[in-house]
Amino acid sequence: MIIILLGPPGAGKGTQASFIEKEFGITHISTGHMLREAVKGQTPLGVIAKEIMARGDYVPDDLLLKIIKERVEKTDCDNGFILDGYPRNEVQAESLDVILREVNRNIDAIIQIDVDFSVLEERIEGRSQEKNTEIREDDNLQVMKKRLQVYIEQTEPLISYYSKHKKFIVINGMGDISKVSGDIKVNLSKVK
Ligand code: AMP
């Protein structure tokens, strides 16, 4: 099963992708996490991505294409995967279509986590204060606002790109985490 998770920063994509990974036994791929690891490891990709991420912009499409292509070819993706943070614009969506076509695979479902933008600031502020979570340089209010703006400009148009897919699922992301997970489970259980 191949799933795409769409939603603005702070919508809970990472949390729900982890839930789906456990529940459905497919691999969670977070491009944000992979990029943060590259930054930490000071790899050539990380060196380029560091400043871009810190200011809340998107890392260039060609770099993302390379990392996503290599990642989905790994054997832990044979059974399926959930993409959390990719694609983020139409160029990336088209690249993904090409990558999947080459290996004769299809997107089984797209899940949009629908969240009221006005509550996102509160969530991000809360998250940056939580203990035991990944410390993120881009989790401050100023950068969060920028990330939201970039999302609205570049990623929101993907909703119409994917809305005609036969399994385009809109989930109300405003409830508590377990309610959102429950709704996702019910909907994905019908997919396969
Ligand atoms: P995330 O953890 O998904 O919120 O991603 C954190 C940051 O990583 C984003 O604000 C971008 O700077 C970068 N990033 C993650 N995924 C992508 C992508 N598909 N395209 C471009 N930049 C990305």
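Quick caveat: nothing in here was measured; it's all calculated off a predicted structure. First listed ligand is number 1; within each ligand, the first listed atom is number 1. All values below come from the heavy atoms of this structure, side chains included, with hydrogens, waters and symmetry mates left out.
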Applying salt bridge (charged side-chain N to carboxylate O under 4.0 Å, His left out), which residue pairs with at least one partner in residues 171-182 are found, sequence neighbours left out?
K179-D183
Please tell me whether S181 and Q16 have a donor and an acceptor in their side chains that are separated by less than 3.5 angstrom.
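Yes, because at least one side-chain N or O of S181 sits under 3.5 Å from a partner of the opposite role on Q16.
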Do you see a donor-acceptor pair shorter than 3.5 Å between the side chains of S30 and Y86?
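Their side chains do not contain a donor-acceptor pair, so the 3.5 Å distance test is not met.
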Quick one: does [X] get an N or O within less than 3.5 Å of an N or O on ligand 1?
X   : answer
Y86 : no
R88 : yes
D57 : yes
T31 : yes

Looking at K167 and D108, what are the two nearest heavy atoms and their distance?
CB-O, 3.1 Å
Just heavy atoms, cut-off under 4.0 Å: does [X] contact ligand 1 by side chain, backbone, both, or neither?
X    : result
V59  : both
I52  : neither
R147 : side chain

Please table the atom pairs, donor to acceptor, closer than 3.5 Å between any side-chain atom in residues 59-69 and protein atoms at least two apart or in another chain.
{"residue": "D61", "atom": "OD1", "partner": "N89", "partner atom": "ND2", "Å": "3.0"}
{"residue": "D61", "atom": "OD1", "partner": "Q92", "partner atom": "NE2", "Å": "3.0"}
{"residue": "K66", "atom": "NZ", "partner": "E70", "partner atom": "OE2", "Å": "3.1"}
{"residue": "K69", "atom": "NZ", "partner": "E73", "partner atom": "OE2", "Å": "3.1"}

Enter the distance from D76:CG to T27:OG1 here, rounded to the nearest 0.5 Å.
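D76 atom CG to T27 atom OG1 measures 4.0 Å (nearest 0.5 Å).
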Atom NZ of residue position K50 - does it have more than 12 heavy atoms of other residues, nucleotides or ligands inside 6.0 Å?
no
[X]: numbered ligand 1 atoms lying under 4.0 Å from its heavy atoms:
X   : value
L35 : 8 (O), 13 (C), 14 (N), 15 (C), 23 (C)
Q92 : 18 (C), 19 (N), 20 (N), 21 (C)
R36 : 2 (O), 6 (C)

